[in-house]
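Order of the sequence lines sets the chain letters (A, B, ...), proteins ahead of strands, with each chain counted from 1. We use all heavy atoms of the structure for the numbers below, so side chains are in, but hydrogens, waters and symmetry mates are not. Just so it is clear, the model here is predicted, and its values are computed rather than measured.
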Amino acid sequence: MQIECGLQRGTFAFCAWRSSKVYSSDMQSTIETTLKQDIHSAIQACFETTIDDLVLQPTKKEFEGTYTFVTFALTKALRRAPQQIGQQIGEYLVGNSSLVSGFNVVQGFLNLSLKSSAWLQVLQDIVADSSFGNQPANGQSVMVEFSSPNTNKPLHLGHLRNNCLGDSVARILKANGYEVVKTCLVNDRGIHICKSMLAYQKLGQGETPESSGLKGDHLAGKYYVEFDKEYKRQIAALVAEGMTEDAAAKQAPWILEAQDLLIKWENGDEETVTLWKKMNGWVYEGFQQTYDKMGISFDKTYYESNTYLLGKDIIEEGLKKGVFYQKEDQSVWIDLTEEGLDHKLVLRGNGTSVYITQDLGTTELKYGDYHNDRYMWVVGNEQDYHFNVLFAILKRLGRPYAQECFHLSYGMVDLPSGKMKSREGTVVDADDLILQMAQTAENRTRELGKIEDFAGDEARKLYHMLALGALKYFLLKVDPKKRMLFNPEESIDFQGHTGPFIQYTHARLCSILRKAESNGVVAAVPAEGFAVHSTEAEVVFYLSQYPARIQSASDEFSPALISLYAFELAKLYNQFYAELSIFADPDPQAVQFRVALSAAVAKTIRHAMGLLGIDVPEKM
RNA sequence: GGUUUCGUAGCUCAAUUGGAUAGAGCACCUGACUACGGAUCAGGAGGUUUGGGGUUCGAAUCCCUACGAGACCA
């Protein structure tokens with residue numbers, strides 16, 4: 001008899017990559033595997049049956065035990081009460097399992113406690129595993145495209161979320177065995193770029209980053225705002241003369257001039273292209289400074305100015321294949337009603353591209369360059385529809401990579417006043433925010449006065465590390481899919497559920513390890529005959545969950561899972577730290593064990609924070 | 001108008017994907033040993049999971065509906 005009690009993963013309509021994932025059991029610790037085998041034996045022995053996929057969950061804190069086996073699902077097939085099933089299995093395990101020391105049954109929940117020897121073995125395995133947290137190469141490669149800024153304005157908080165997510169997901173995939181190519185597609189041409197160019201031509205008077213002291217991207221952004229101001233004035237003036245709002249928006253002198261500039265650029269007009277190059281150069285330099293500060297880099301940068309003409313040949317191909325159809329005005333469309341989408345324009349009647357045309361071409365280009373097995377785009381959820389359309393078209397065209405594309409759609413960062421709008425000046429600037437965070441870190445550190453022995457340069461590095469820790473953690477601890485709120489009035493915290501909390505725990509751990517070294521204590525896990533305290537067992541158990549957590553984070557593309565893990569681990573360790581003395585314990589085995597445990601926690605915290613792109617200090 | 005996402009403590013977020021008495025942090029109140037770092041720890045208070053129906057052993061989670069918020073498509 002077979003009983004179904006496994007969990008089925010949800011499926012995602014547009015992503016074979018994701019929907020094909022099944023929770024694998026290969027990431028569980030060896031102790032978990034053994035325990036499951038023992039439960040299987042118990043079920044076999046008690047009820048003469050087997051079950052397919054047996055699920056263990058961590059026991060809730062308010063109950064005694066570490067692992068919980070839920071028996072509700074078995075009641076129908078066994079025709080017994082859930083308590084009775086739990087009781088029988090529990091009794092069998094205590095008598096026959098080498099791991100189980102005790103159990104209790106609450107309704108349909110069988111809570112199991114493990115022997116000290118089991119925990120010693122688990123920690124021993126973790127300590128011995130030099131690649132703990134890293135999987136061997138799985139032979140799959142994935143391209144992660146993220147950041148993708150516009151060169152008409154500086155980066156803001158929304159970009160920071162994007163950057164942190166893309167960077168962290170890339171690290172997580174890598175730890176899970178993927179070969180990762182990080183790419184960035186710079187949106188460096190188009191009407192919005194021409195707007196700042198025009199305003200600069202009109203008002204710039206030769207201003208440069210050097211002459212103004214402004215960072216290049218901020219300088220360009222300033223003229224983008226100037227354009228908008230003047231444009232609005234012109235519209236208002238036309239409306240005052242009796243024109244409708246719509247007509248005025250189309251006929252204001254500056255918008256006409258900007259459009260003219262765009263045509264000149266497309267025709268390669270020398271003066272225009274020179275200005276474009278000059279201003280974009282400033283912006284790239286500014287962006288690079290911000291990326292450097294954040295510790296973010298790319299393996300390959302694509303520029304839209306090189307790719308915006310791509311894709312037209314694919315339209316041609318699609319027409320021949322009958323995937324697209326042409327209207328009388330020569331515009332090209334695709335009917336995606338079967339996929340639950342609309343009719344979608346893929347090429348304008350005058351032969352010019354729309355976004356989707358370019359994306360078709362760029363995706364083809366990326367595939368040609370790298371032949372990755374999988375492609376990910378880290379882009380805000382405002383473009384959900386766009387990506388659904390893009391992937392649907394790729395499938396219709398029969399592209400080999402169509403099934404392997406995934407849009408990592410993340411929620412917007414909102415302000416208390418609502419959405420950030422750069423033209424209305426309601427943005428939180430990335431550079432400002434990083435600077436402000438560093439200042440907070442400095443103030444806080446000075447107050448506490450713990451690093452008086454640091455040289456000036458060393459201290460500055462620490463402030464920066466803490467600032468980025470706080471900022472990145474703030475952005476990564478929330479489920480990527482959900483929108484999140486940032487309140488500039490309440491600056492990002494350094495206490496509680498924060499990056500610095502975890503960084504602090506690491507610093508304190510390092511302090512312990514330094515002391516162990518100076519005391520001549522060697523970290524060691526006793527083989528037998530040492531009673532592991534329940535708080536210690538909790539820490540060991542949590543450590544053992546780490547590989548499975550990385551696997552989930554990789555499957556779900558969610559750094560938030562790693563963030564929460566690091567926080568919980570730090571919190572558990574702090575409890576242990578407050579509860580038990582490490583060096584004052586009379587039992588030398590206890591001292592060695594606790595130092596070994598501390599070393600393992602330090603290593604794991606460092607690794608987990610590393611997956612978030614956050615550095616941890618040895619002192620703070 | 002059509003499509004779609006969301007609504008959990010005063011605030012910001014969790015909840016092992018349908019499991020136990022819905023958990024953390026912030027803010028608020030009360031405590032912490034000359035043992036290792038108090039950016040810490042222990043405790044208290046705080047909830048009709050937006051309202052209303054339904055599905056079943058069991059719902060914040062799935063279905064229907066009303067209200068509210070966001071996004072996208074012309």
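At the heavy-atom level, A560(A) lies nowhere under 4.0 Å from the strands shown. When heavy atoms are screened at a 4.0 angstrom cut-off, N111(A) is found touching base atoms of the nucleic acid. Within the nucleic acid shown, E489(A) has no heavy atom closer than 4.0 Å to any nucleic acid atom. Residue contacts for D384(A): at a heavy-atom cut-off of 4.0 Å it reaches no nucleic acid atom on any strand shown. At a threshold of 4.0 angstrom between heavy atoms, the contacts of F486(A) with the nucleic acid are absent. Looking at heavy-atom distances under 4.0 Å, T445(A) makes contact with a base. At the heavy-atom level, M620(A) lies under 4.0 Å from base atoms of the strands shown. Among the heavy atoms of the strands lying under 4.0 Å from P58(A) is at least one base atom, whether or not backbone atoms are also near.
Looking at residues two or more places apart in sequence or on another chain, you find a ring-ring contact (aromatic ring centres under 6.0 Å, His included) between F530(A) and F593(A). Looking at residues two or more places apart in sequence or on another chain, you find no ring-ring contact (aromatic ring centres under 6.0 Å, His included) involving H464(A). Applying the side chain to side chain contact (heavy atoms under 4.5 Å, CB included) test to M465(A) and every residue at least two apart in sequence or in another chain returns Q503(A), D615(A), P617(A). Contacts of R594(A) classified as side chain to side chain donor-acceptor pair (under 3.5 Å), with partners at least two apart in sequence or in another chain: E536(A), D585(A). Residues satisfying the side chain to side chain contact (heavy atoms under 4.5 Å, CB included) criterion with A578(A), sequence neighbours excluded, are absent altogether. Partners of V127(A) according to the side chain to side chain contact (heavy atoms under 4.5 Å, CB included) rule, which considers only residues two or more places apart in sequence or in another chain, are L123(A), V525(A).
Sorted by first and then second residue, the salt bridge (Lys or Arg N to Asp or Glu O under 4.0 Å) pairs involving residues 559-568 of chain A (not counting sequence neighbours) form an empty list.
Annotation: A71(B) and U65(B) have their C1' atoms spaced 23 Å apart (nearest Å). Taking the P atoms as reference points, U12(B) lies 23 Å from U5(B), given to the whole Å. Distance check on atom C1': G53(B) versus G23(B) gives 28 Å, rounded to whole Å. For the P atom pair drawn from A27(B) and C64(B), the interatomic distance equals 42 Å after rounding to whole Å. A15(B) sits 10 Å from A24(B) when the C1' atoms are compared, rounded to a whole Å. Rounded to a whole angstrom, the distance from the C1' atom of G54(B) to that of A59(B) is 11 Å. Here, C26(B) and A66(B) have their C1' atoms 34 Å apart, quoted to the whole Å. Across A42(B) and A60(B), the matching P atoms stand 28 Å from one another, rounded to whole Å.
Residue F47(A) holds its CZ atom at 8.0 Å from CG of L74(A), rounded to the nearest 0.5 Å.
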Return a table of donor-acceptor pairs under 3.5 angstrom between the side chains of residues 508-521 of chain A and protein atoms on other chains or two or more places apart.
unit_1	atom_1	unit_2	atom_2	d
R508(A)	NH2	N574(A)	OD1	2.7
R514(A)	NH1	E618(A)	O	3.3
S518(A)	OG	K515(A)	O	3.0

Identify all side-chain donor-acceptor contacts of residues 79-90 of chain A below 3.5 Å with residues at least two apart in sequence or on another chain.
unit_1	atom_1	unit_2	atom_2	d
R80(A)	NH1	L78(A)	O	3.4
Q87(A)	NE2	E91(A)	OE2	2.9

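Considering only side-chain N and O atoms, N574(A) lies nowhere under 4.0 angstrom from the phosphate OP1 or OP2 of U40(B). Contact between the side-chain N/O atoms of R508(A) and the OP1/OP2 oxygens of G38(B) is found at a separation under 4.0 Å. Put simply, S511(A) has no side-chain N or O that comes within less than 4.0 Å of OP1 or OP2 on C36(B). For the pair Q575(A) and A42(B), the criterion of a side-chain N or O lying under 4.0 Å from OP1 or OP2 is met.
Whole-Å rounding puts the F387(A) CZ to C73(B) P distance at 13 Å. For the pair L580(A) CG and C41(B) C1', the computed distance is 13 Å after rounding to whole Å. To the nearest angstrom, P of U61(B) lies 13 Å from NZ of K482(A). Rounded to an integer number of Å, the gap from K60(A) NZ to A24(B) C1' is 12 Å. Rounded to an integer number of Å, the gap from D414(A) CG to G70(B) C1' is 8 Å. If you measure from atom CZ of R483(A) to atom C1' of C13(B), you get 14 Å, rounded to the nearest angstrom. Here the P atom of nucleotide C73(B) and the CH2 atom of W333(A) are 13 Å apart, to the nearest Å. Rounded to a whole Å, the CD1 atom of I512(A) is 12 Å from the C1' atom of U40(B).
Base pairing in RNA chain B gives the following stems of 3 or more Watson-Crick or G-U pairs, range against range and under 3.5 Å: B:1-7 with B:67-73, B:10-13 with B:23-26, B:28-32 with B:40-44, B:50-54 with B:62-66.
U8(B) has its base anti relative to the sugar, with a glycosidic angle deviating from 0 by more than 90°.
At a threshold of 4.5 Å between non-hydrogen side-chain atoms, the residues I172(A) and P559(A) count as touching. Put simply, the side chain of S331(A) does not reach to within 4.5 Å of the side chain of L347(A), judged on heavy atoms. Under the 4.5 Å side-chain criterion, counting only non-hydrogen atoms from C-beta, F474(A) is not in contact with T498(A).
Which of A74(B), C41(B), C36(B) sits closest to the side chain of K344(A) comes down to A74(B). Distance from the side chain of I582(A) is smallest to C36(B) among U21(B), C73(B), C36(B). For T59(A), counting side-chain heavy atoms from C-beta on, the closest listed nucleotide (C36(B), A20(B), G37(B)) is A20(B).
For an aromatic pair to be called close, the ring centres must be under 6.0 Å apart, and H533(A) with F576(A) fails this. Between F63(A) and F109(A), the ring centre distance reaches or exceeds 6.0 Å.
Stacking here means ring centres nearer than 5.5 Å and ring planes tilted less than 30 degrees, and by that measure Y577(A) does not stack onto U40(B). Ring-to-base geometry does not place F567(A) in a stacked arrangement with A24(B) (centre distance under 5.5 Å, plane angle under 30° required). Taking a centre distance below 5.5 Å and an interplanar angle below 30 degrees as the stacking criterion, F109(A) stacks against the six-membered base ring of A20(B).
Place L448(A) and L345(A) on RNA chain B by their nearest nucleotides, and L448(A) ends up nearer the 5' end.
Within a heavy-atom distance below 4.0 Å of RNA chain B, the residues of residues 493-504 of chain A found are D493(A), F494(A), Q495(A), G496(A), H497(A), F501(A), Y504(A). Within residues 461-479 of chain A, the residues having any heavy atom under 4.0 Å from RNA chain B are, by residue number, L466(A), V478(A), D479(A).
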